[in-house]
Every structure is written in C-alpha cells, then in structure tokens.
Amino acid sequence: MKLGKNSVKQIAKLLPHIETFDVGYYDANVKAKDCDLMALTEHFTNLNSVRTDMWNVTNHGIMSVARAMGEQLLDLRIKGDTITDHYLSGTALETITASCCNLEYFAYRVNSSSQFYKSYLDGVTGDRIIALVEGCRRLKAIELYKALHVKKGHFAQIANMVAGELDQFALRKIVAVGYGQLFETGDYPFLRIEDNQRFPFLERSVNFAKERDSMWQEARVHLRLEI
C-alpha cells in the first residue's frame with residue numbers, strides 16, 4: 001500500500017488532531033516517499049511522532065522532517081532498508097540532534113544480519129548516539145536494533161554520562177536488541193535496559209497495517225476507541 005499526499009490530506013480533514021503517524025516502521029507492506037512525510041508535517045498541526053521505514057524515504061526526507069518539525073518532534077522511529085540501500089546517514093542523525101532538542105524517543109532499526117547489509121552506508125555510530133543524548137537532554141528512551149557501529153562501550157559511556165548529571169538528562173530507558181547483557185544494571189538503578197521490542201498500543205495515532213492476527217485486530221479496535 002502506498003500513502004500519497006492526497007491520502008494524507010483526506011485523513012487530515014477527518015482526523016486533524018492526530019499526534020502519531022506510523023507509515024512502515026512496524027509493517028513492511030506500507031510505503032512512503034519523502035514528499036509524503038513532508039505532507040504529514042504540513043497537514044497535521046498536532047503531529048509530534050513520526051515512524052517510517054526507508055524503502056523509498058531518503059535521508060533528505062528525514063532531514064527535511066527534522067528541520068520542519070524542530071522542537072515539536074518528540075518521537076522519531078526509523079527503519080533502514082538494506083535492499084534499496086537507504087540507511088540513516090551520519091549527516092541525517094546530526095541534523096536530528098541539532099534540530100529536535102525536545103526529542104523524547106529515538107529508535108533506529110536495520111537488519112545488519114542481512115546479506116545485503118552494507119556497513120559503510122550505515123551512519124548510526126556510537127559517537128553520534130552519544131552526541132544525540134548530549135544534545136537532546138529530554139530524550140527518555142533510545143531503541144537500537146543490531147546497530148553494528150554502536151558498541152557496548154558506547155552504551156556504558158552514555159550511562160556514566162547520565163549518572164554524572166542525573167538531573168540534567170531525562171534518559172531512563174535503553175532498548176538494545178542483539179547485544180545481550182550490556183553491563184551490570186545494578187550500577188545504574190535509574191536506567192532500564194531491555195533486549196527486545198514490543199508492539200505499542202496506539203493512542204491518538206494511525207498505524208497502517210494488515211490484520212494478520214488478533215494482535216493487529218486489537219490494535220485497530222483500540223484505534224477506533226481512542227479517536
């Protein structure tokens with residue numbers, strides 16, 4: 001299924017108060033383009049959360065959304081694509097850090113186990129994630145899925161940095177899939193470490209997906225009740 005600017009405009013007329021829009025992050029059958037993401041920022045004035053895959057979306061689109069939403073963007077979740085070679089670049093991640101100072105949740109997934117994965121195109125590095133935490137002090141949670149350029153030592157550095165100025169950082173949760181036990185969590189009682197991903201309940205949001213099982217059906221019912 002493709003989104004399209006006309007679809008965005010029609011949905012905005014019916015549901016103008018949407019805060020979260022998920023197009024492809026949790027379901028690979030939905031596709032968006034850069035222009036579709038920009039249409040979201042134009043038509044949904046209450047939008048504060050964008051979740052997308054990068055099958056057709058480029059770093060230009062991600063950076064344009066970050067600049068357009070700026071302080072309003074609280075939640076950004078991106079899934080890189082190894083088939084189309086669309087990975088989040090270092091420049092894009094730096095733009096997010098510089099533009100979205102109120103960011104509270106950041107997630108990046110890419111299948112680094114895929115035979116098509118190209119390490120040199122993946123710009124999500126440990127140093128840039130550290131810079132994101134430093135620049136976005138309201139960041140409450142980070143979610144990374146097998147990010148090969150982010151090592152266990154980087155997470156420990158982040159935890160120590162936050163521990164040193166606990167009142168200056170909001171970070172309290174790290175979801176690090178594919179890392180196993182990162183470090184002794186007893187040393188950081190303020191921080192919750194997880195090694196899995198969960199399907200979120202939808203609140204004031206639209207998530208395009210197929211009804212593949214009862215979990216999706218439950219989510220659709222929840223969506224109707226919230227609206």
Side-chain angles (χ1 to χ4, degrees), residues 1-59 61-66 68-69 72-81 83-84 86-88 92-93 96 100 102-111 124 139-145 173 175 177 194 196-227:
M1 181 175 67
K2 296 180 181 179
L3 186 59
K5 291 191 290 185
N6 290 335
S7 300
V8 171
K9 189 175 182 179
Q10 291 173 13
I11 294 170
K13 289 181 179 179
L14 296 172
L15 308 168
H17 302 299
I18 284 176
E19 297 176 358
T20 299
F21 213 106
D22 185 332
V23 54
Y25 182 75
Y26 286 106
D27 192 282
N29 294 306
V30 188
K31 307 301 179 188
K33 297 180 180 179
D34 291 351
C35 57
D36 302 329
L37 293 186
M38 285 306 298
L40 296 180
T41 68
E42 295 167 4
H43 294 293
F44 294 101
T45 57
N46 290 338
L47 191 70
N48 58 43
S49 174
V50 175
R51 306 170 188 183
T52 184
D53 77 346
M54 294 184 69
W55 177 269
N56 289 323
V57 171
T58 69
N59 283 289
I62 298 294
M63 290 189 291
S64 297
V65 167
M69 296 189 68
Q72 185 174 334
L73 185 59
L74 306 181
D75 185 318
L76 180 61
R77 308 186 194 194
I78 302 166
K79 181 171 66 176
D81 191 88
I83 303 298
T84 59
H86 288 173
Y87 301 75
L88 191 65
L93 185 52
I96 293 166
C100 309
N102 290 330
L103 197 65
E104 296 180 357
Y105 201 112
F106 175 78
Y108 180 66
R109 294 197 289 148
V110 66
N111 185 9
V124 178
L139 193 65
K140 298 177 181 178
I142 296 174
E143 177 183 310
L144 295 177
Y145 182 88
K173 178 181 176 182
V175 181
V177 180
E194 298 179 5
N196 54 37
Q197 294 169 314
R198 296 182 175 86
F199 183 85
F201 285 106
L202 305 178
E203 297 180 356
R204 290 179 143 182
S205 63
V206 165
N207 182 306
F208 288 100
K210 288 183 176 181
E211 283 193 34
R212 292 181 293 196
D213 50 42
S214 60
M215 181 172 66
W216 288 104
Q217 293 173 12
E218 180 182 355
R220 287 172 65 89
V221 170
H222 187 79
L223 171 63
R224 288 198 295 270
L225 291 174
E226 285 296 329
I227 291 173

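For clarity, every value in this text was computed on a predicted model and none was experimentally measured.
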Report task. Kindly determine whether Arg51 and Asp75 satisfy salt bridge (charged side-chain N to carboxylate O under 4.0 Å, His left out), including the steps that lead there. Result -> CA-CA 8 Å; Arg51 306 170 188 183; Asp75 185 318; 3.4 Å; yes
Report task. Show your working on side chain to side chain contact (heavy atoms under 4.5 Å, CB included) between Asn102 and Gln72 and close with a plain yes or no. Result -> CA-CA 7 Å; Asn102 290 330; Gln72 185 174 334; over 6 Å; no
Report task. Could you walk me through whether Lys173 and Lys140 pass the side chain to side chain contact (heavy atoms under 4.5 Å, CB included) test, one step at a time? Result -> CA-CA 6 Å; Lys173 178 181 176 182; Lys140 298 177 181 178; over 6 Å; no
Query raised in the report: Going through the checks in order, is the side chain to side chain contact (heavy atoms under 4.5 Å, CB included) test met by Tyr87 and Met54?
Result: CA-CA 7 Å; Tyr87 301 75; Met54 294 184 69; 5.9 Å; no
Query - Residue pair Thr52, Ile62: steps toward the side chain to side chain contact (heavy atoms under 4.5 Å, CB included) verdict - result: CA-CA 9 Å; Thr52 184; Ile62 298 294; 4.1 Å; yes
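Formation of a donor-acceptor pair under 3.5 Å by the His86 side chain with backbone atoms of Val57 is found in this model. Looking at Ser49, its side chain never comes within 3.5 Å of a backbone N or O of Glu19 through a donor-acceptor pair. Under a 3.5 Å cut-off, the side chain of Asn48 and the backbone N or O of Leu74 do not form any donor-acceptor pair. A donor-acceptor distance shorter than 3.5 angstrom exists from the side chain of Tyr108 to the backbone of Leu88, with no hydrogens or angles considered.
With contacts defined as side-chain heavy-atom distances shorter than 4.5 Å, the pair Val110/Val124 does not qualify. Put simply, the side chain of Glu143 reaches to within 4.5 Å of the side chain of Tyr105, judged on heavy atoms. Counting only heavy atoms from C-beta outward, the side chains of Val23 and Leu37 approach each other to under 4.5 Å. Taking the side chain as every heavy atom from C-beta outward, Met38 and Val65 approach each other to under 4.5 Å.
Atom CZ of residue Phe21 and atom CG of residue Leu15 lie 9.0 Å apart, to the nearest 0.5 angstrom. Here Asn56 contributes atom CG and Asp36 contributes atom CG; the two are 8.5 Å apart, rounded to the nearest 0.5 Å. Taking CZ of Arg77 as the start and CG of Asp53 as the end, the distance is 15.0 Å to the nearest 0.5 Å. Here Tyr25 contributes atom OH and Leu76 contributes atom CG; the two are 9.5 Å apart, rounded to the nearest 0.5 Å. Annotation: the span from Leu47 atom CG to Thr20 atom OG1 amounts to 7.0 Å, rounded to 0.5 Å. Annotation: the span from Asn59 atom CG to Asp34 atom CG amounts to 9.0 Å, rounded to 0.5 Å.
Side-chain contact annotation: His17 with Asn46, donor-acceptor N/O pair under 3.5 Å present.
Contact detail for Ala66 and Cys100: the closest heavy-atom pair is O-SG, 3.7 Å.
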